[in-house]
Asks: 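The structure that follows is given in the form of structure tokens.
Every chain is numbered from 1 and lettered A, B, ... according to where its sequence line falls, protein lines coming before strand lines.
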Protein chains: 2
Amino acid sequence: MSNYTEKLRKHNLKVTPQRLAICEALHVNGHLSIDDLYNVMLKKFSSLSLATIYKNVNLMVKSSFIKEIKIPNAKSIYELIKDSHAHLVCEKCGSVEDIDINIDFVISDVLKNQNFKVNNIDLVLSGICKKCQ
Amino acid sequence: MSNYTEKLRKHNLKVTPQRLAICEALHVNGHLSIDDLYNVMLKKFSSLSLATIYKNVNLMVKSSFIKEIKIPNAKSIYELIKDSHAHLVCEKCGSVEDIDINIDFVISDVLKNQNFKVNNIDLVLSGICKKCQ
DNA sequence: CTCTGTGCAAAGCGTTTGCAAACGA
DNA sequence: TCGTTTGCAAACGCTTTGCACAGAG
């Protein structure tokens, strides 16, 4: 149970029960779609509004507190910002797994001549996971 | 001017003027959003319907004839399927540039133990382009 | 106390669908 | 000719907005 109260404040976000719950849900589940997030939080806040999820998620993305991962042929998922990593998406069962893979050196190497300042790397690998093969 | 009539047939897609125009537009421009595509093609087909674009683009994606590239904080773009490459997206001007960068070896290396069969690699680098710096 | 966040309902907007006419093979 | 595609309009579904009330600081 990390101290998300502090973390929210550091990002200039007011602390509300709903926002803390978003943090907890993402902390526990790793990454969730908007709907997943809504359904998880509904257990705690019976009168929760989808609009609240959208407003907060958008705000938290803008504040670089969470990040949106766009997935081919599927809904986006959101996760707390952490070290750079790639996502393995199974085309069969839809599962998404994080993997630690560092391609920074490849990229910096290639971009040395390009003069492009990289702020963010999105790497999504689609295929068939171990279980589905 | 490649022979897209043949290529469409190979993918079991009937050849229509609209479909050929999509091919040409993507061939010439590299990658376009749905709206871009619509506006480009409108010059040729004054009574073109957006629905036609959507229907064809969806069909061509399913047939692995073109590919959707999802971009952070922006509309998706579509391109003819070609050799694996990454995309450089400028967060300032929105330009998208292809770069030849092969990370297959890194990935196969990491995935050797994971037992994940990779079918597709999406690599999008966001940042600031040469012109905008 | 003031300003921001929440929930609700309505509005907005990109995308999909159904249908009749046109077209490709 | 027969099945597919096109264009149009309506429907759909996800996301955003406006507003009154509740809650954070």
Asks: Check this one for me: any side-chain N or O of A/R19 less than 4.0 Å away from OP1 or OP2 of D/dA24?
Replies: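 For D/dA24, neither OP1 nor OP2 has a side-chain N or O of A/R19 closer than 4.0 Å.
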Asks: From CG of A/N12 over to P of D/dA24, roughly how many Å is that when rounded to an integer?
Replies: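 After rounding, the gap between these two atoms is 18 Å.
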Asks: Between B/L50 and A/L48, who's closer to the 5' end of DNA chain C by nearest nucleotide?
Replies: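 Whichever sits nearer the 5' end wins; that is A/L48.
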Asks: Is B/I53 linked to B/V28 within one hydrophobic cluster, defined over Ile, Leu, Val, Met, Phe, Trp and Tyr using a side-chain heavy-atom separation of less than 4.5 Å?
Replies: no
Asks: B/K67: what forms a salt bridge (charged side-chain N to carboxylate O under 4.0 Å, His left out) with it, not counting sequence neighbours?
Replies: B/D122
Asks: My understanding is that only residues two or more places apart in sequence, or in another chain, count here; which of them pass side-chain contact (heavy atoms from CB on, under 4.5 Å) with A/L20?
Replies: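 A/L20 satisfies side-chain contact (heavy atoms from CB on, under 4.5 Å) with A/Y4, A/T5, A/L8, A/V15 once adjacent residues are dropped.
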Asks: Can any side-chain N or O of B/N3 pair as donor or acceptor with the backbone N or O of B/E6 at less than 3.5 Å?
Replies: yes
Asks: Can you list everything that forms a salt bridge (charged side-chain N to carboxylate O under 4.0 Å, His left out) with B/D36? Sequence neighbours excluded, please.
Replies: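 Partners of B/D36 by the salt bridge (charged side-chain N to carboxylate O under 4.0 Å, His left out) criterion come out as none, since no residue qualifies.
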Asks: Just to confirm, is there a sub-4.0 Å distance from OP1 or OP2 of D/dA24 to any side-chain nitrogen or oxygen of A/R9?
Replies: no
Asks: What's the closest nucleotide to the side chain of B/T16 if the choices are D/dT6, C/dC8, D/dG7?
Replies: D/dT6
Asks: Can you list everything that forms a side-chain contact (heavy atoms from CB on, under 4.5 Å) with B/S95? Sequence neighbours excluded, please.
Replies: B/C90, B/C93, B/C129
Asks: With sequence neighbours left out, write down each residue that passes side-chain contact (heavy atoms from CB on, under 4.5 Å) with B/D83, or none if nothing qualifies.
Replies: none
Asks: Report the hydrophobic cluster partners of A/I69, with the cluster defined as I, L, V, M, F, W, Y residues connected by side-chain heavy atoms closer than 4.5 angstrom, directly or transitively.
Replies: A/I71, A/I77, A/V89, A/V96, A/V124
Asks: Could you go through nucleotides 9-13 of chain C and list every protein N or O atom that sits under 3.5 Å from one of its N or O atoms, giving the distance for each pair?
Replies:
none

Asks: For B/N58 and C/dT16, is the shortest distance between a side-chain N/O and OP1 or OP2 below 4.0 Å?
Replies: yes
Asks: With a 4.0 Å cutoff (strictly under), does any side-chain N or O of B/Q18 reach OP1 or OP2 of C/dC23?
Replies: no
Asks: Would you list the pairs meeting side-chain hydrogen bond (donor to acceptor under 3.5 Å, both in side chains) in which at least one residue belongs to residues 124-133 of chain A, sequence neighbours left out?
Replies: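 Listed once each, the pairs would be none.
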Asks: Show me the protein contacts with nucleotides 19-23 of chain D, counting only N or O atoms at under 3.5 Å.
Replies:
none

Asks: Quick one: B/L59 CG to C/dT17 C1', roughly how many Å, whole number?
Replies: 15 Å
Asks: Distance check needed: C/dG24 P versus B/L8 CG, whole Å only.
Replies: 13 Å
